[in-house]
Each structure stands twice: as structure tokens, then as C-alpha cells.
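Predicted, not measured: the structure shown is a model, and the values here were computed from it. In each ligand, atom 1 is the first atom listed, and ligand 1 is the first ligand listed.
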Amino acid sequence: MEIERVKCLIIGSGPAGYTAAVYASRAGLEPVLYQGLQPGGQLTITNDVENYPGYPQGVNGPQMMEDFKQQAERFGTDVRYGIATSVDFSSQPHKVVIDDQKVIEAHTVIISTGASAKWLGLESEAKFNGIGVSACAVCDGFFYRGQDVAIVGAGDTAAEEATYLANLCSKVYMIVRREEMRASLIMQERVKKTRNIEILWNTMTDEILGTDGVEAVRVKNTITGELREIPVKGFFVAIGHKPNSDIFAGYLNLDENGYIKTIPGTSKTNIDGVFACGDVQDFTYRQAVTAAGSGCMAALDAERYLAARDLH
Ligand code: NDP
């Protein structure tokens, strides 16, 4: 396998990875950044971002990530397509295999692999994935304009996506498993005020029905046990995310949900020279701006690590 040695390798291209890249490249670490499965990260499947400081009118998610990328490249970050497929953090320099084809030997590794959508785990959900089932309303809502759809979940994501879908679709059924929502009050109010959203409280998804595509969803009332079939063409899942930390599990300390543990107040993991930032290590805040802040921390920690060992 081809081997390349770098001072600083960044894995992932969301706000955390690109911010780490801006800082690392400006500090002369000549970072190489692999974009991963979803270049630009989760913000590329978002519509308007209204809560990132510096954009008084809001900004479109994909545009914001393009801006982040250009800023990182302007200072010399080598941004590449590719996915980290395995790692060996047992000795310095650390080894990261890209696309099962190439080994990057890195004195410092900054992990900013983010998180991915969770699924319900129903067989029918997997069967119809991409042909009626989606975890991204902003990406796929367009295909169901003028039709009836359902969305499962009751957090901010589900609330935001339900209102987004309501603008496109004739009717949106929101499937909520408890009798209250977890979403922030302002988001809940928006959902409740939207005339073509019907909230199904205390309701679980029993099965997604159809032959060549989704035709209906069978739901179950958790109190009465009553089953009901609702005709829909699209089924959206918005039930949270899972951190993308599987390939690091043999080396890094993870919490019970798979988030990488960092030493509080730093981006340091339990392995020297390996730093984590963004959603892969943040269960609590999970915001673009907190991810960007932690990316800055990771680059500064990496720089200090290299300087202390004369590897800079
Ligand atoms: P959350 O973890 O906040 O919510 C997940 C939701 O899915 C919960 O309502 C949960 O139900 C429900 N759920 C989980 N598993 C199942 C299941 N198997 N069947 C049915 N329902 C299920 O995730 P989000 O993605 O909504 O939000 C993540 C973070 O991002 C939050 O901190 C949120 O505030 C933030 N965010 C902020 C936004 C903004 O400010 N504009 C936009 C989007 C997200 P239950 O409540 O019963 O556990």
C-alpha cells in the first residue's frame, strides 16, 4: 500500500474539520483533510442556517460549508475526497488507511467525523430507503410535493423538517412516540400552528407498506394498541444521530452512546497526538458554532503537541 507521511491529518469536513484546517494551515502544519462520506457534513443537507453568528440574514447550509472549505484552502489545506476506513493508533506516527488503499502516517490526527442519522430499524424502512424512505427532508422533500407524507421524531430536527415538508406537501403526519415533544418550544409552536401538519401523539411506526415504493404507513397507538394505516408516499425519519466513531473503537475511549471521550476543556483523547472535535465527541450541544469552536481547539492542541516534540 502507498504510504504518505504528514504532520497533521484531519478526518471529516464539517464545521469542526474545516475550522481545524483553517487554524492548522495558518499555523504551518500543512494539514491534509479527507472529506469523508458526506463532504461538508450534515449542514449540506440543511436549508437555512440562522443561528451561525456573522450571517445576519442567515445562510444556506451547503453555501456555508463551501465558504468554510475555501477559507481552509486559501491557507493551503490539502482537501481531498476519501474515507478513512481503518486506523492504527498503537504507535507514533499514527496510521490511517484511506479507502482501503493508502496509508497516511500522521504525527497528529484530528477526528471530526461527525454523526449520522439514526434509523428505526424496521425491515421495510431499509427496503424502501431511497424509494420513499429518507432521513433528510431538505434533500428529498421535493420529490413528494403535492403529496401526503409522514415524519417520525419529536426533536428540533423533526419539527424543523415537518414545517419544511408542510410547505411542499399537501399533508404531513408527524409521528410522536410520547405525549409531548422534545423540540424547543418555538419549534413546537411552529409545528402546531401549521395547518397541514397533523401530530399523532403516543404513536409508533409499526410498518411501512408498499410494493415498488411507499404507499402507506401502519402506526400503532401505544396506549390503546389500535393499528391504523395512513396513505403516504414519503416517510421521513428524524430521530437523532449516531456518532461516526466505529473505526476508532479499538483505540479510543468512547461513552455508552459511541461519542469519543475527550479530556474536559481540551480536544485530547486517551491517545497522545489524536484529537477529536465536533459532533463525534459532543452529545450535548451539537451546533455548527460549537463544532467550529472545538475544531479550533483541536488545531491548537495539535500545534502545541507538535511544537513540544520538535515535529512542527
Ligand atoms: P433529538 O435526540 O433531540 O430528538 C430525537 C427525537 O426522536 C426525540 O423526540 C425522540 O423521542 C425521537 N425518537 C428517538 N428514537 C425513536 C424511535 N425509535 N421511534 C420514535 N421516535 C424516536 O435529535 P434531533 O436530531 O432532533 O436534535 C439533535 C440536536 O440538534 C438537539 O440538541 C437539537 O436541539 C439540535 N437541533 C437544533 C436545531 C435548531 O436549533 N435549528 C435544528 C435541529 C436540531 P423522545 O423524545 O421520546 O426520546
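Atom numbering of ligand 1 starts at 1 in the shown order; those under 4.0 Å from a heavy atom of Arg286 are 28 (C), 29 (C), 31 (C), 32 (O). Close approach of ligand 1 to Val152 (heavy-atom distance below 4.0 Å) involves ligand atoms 20 (C). Close approach of ligand 1 to His241 is summarised as follows: ligand atoms under 4.0 Å from at least one heavy atom of the residue are 25 (O). Residue-ligand proximity, Ala154 to ligand 1, at heavy-atom distances under 4.0 Å covers atoms 6 (C), 7 (O), 9 (O). The ligand atoms of ligand 1 that sit less than 4.0 angstrom from a heavy atom of Asn51 are 40 (O). Each of the following atoms of ligand 1 lies closer than 4.0 Å to a heavy atom of Leu120: 17 (C), 18 (N), 19 (N).
In this structure, Glu125 contributes its side chain and Leu120 its backbone to a donor-acceptor pair below 3.5 Å. Side-chain atoms of Thr262 never come within 3.5 Å of backbone atoms of Ser267 as a donor-acceptor pair (strictly under, hydrogens ignored). The main-chain N or O of Thr113 is found under 3.5 Å from a side-chain atom of Asn244 such that the two form a donor-acceptor pair. For Glu160 (side chain) and Thr157 (main-chain N/O), no donor-acceptor pair under 3.5 Å exists by modelled atom type. Under a 3.5 Å cut-off, the side chain of His312 and the backbone N or O of Ala27 do form a donor-acceptor pair.
Neither the backbone nor the side chain of Ile175 has any atom closer than 4.0 Å to an atom of ligand 1 (non-hydrogen atoms only). The proximity of Gln287 to ligand 1, defined as any non-hydrogen pair under 4.0 Å, is limited to the side chain.
The nearest heavy-atom contact from the protein to atom 7 (O) of ligand 1 is Ile239 CA, 3.3 Å. Closest protein heavy atom to atom 11 (O) of ligand 1: Arg177 NE, 3.3 Å. Of all protein heavy atoms, the one lying nearest to atom 47 (O) of ligand 1 is Arg178 NE, 2.6 Å. Of all protein heavy atoms, the one lying nearest to atom 41 (N) of ligand 1 is Glu160 OE2, 3.1 Å. Regarding atom 1 (P) of ligand 1, its nearest protein heavy-atom neighbour is Arg182 CD, 3.9 Å. At the top of the distance list for atom 36 (N) of ligand 1, counting protein heavy atoms only, stands Asp156 CB, 3.6 Å. For atom 23 (O) of ligand 1, the closest non-hydrogen atom on the protein side is Gly240 CA, 3.6 Å.
Residue nearest to atom 26 (O) of ligand 1, selected from Thr157, Val176, Thr203: Thr157 (by heavy-atom distance).
Annotation: Arg74, atom CZ; neighbour count of heavy atoms from other residues, nucleotides and ligands within 6.0 Å does not exceed 12.
Cation-pi geometry between Arg145 and Phe143 is not met: the NZ or CZ atom fails to fall both under 6.0 Å from the ring centre and inside 45° of the normal.
For Tyr144 and Phe236, the ring centers sit closer than 6.0 Å to each other.
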The test is side chain to side chain contact (heavy atoms under 4.5 Å, CB included); show your working for His94 and Glu105 and say whether it passes. CA-CA 6 Å; His94 298 304; Glu105 292 186 344; over 6 Å; no
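For the residue pair Asp156/Ser184, the side-chain donor-acceptor check at 3.5 Å is satisfied.
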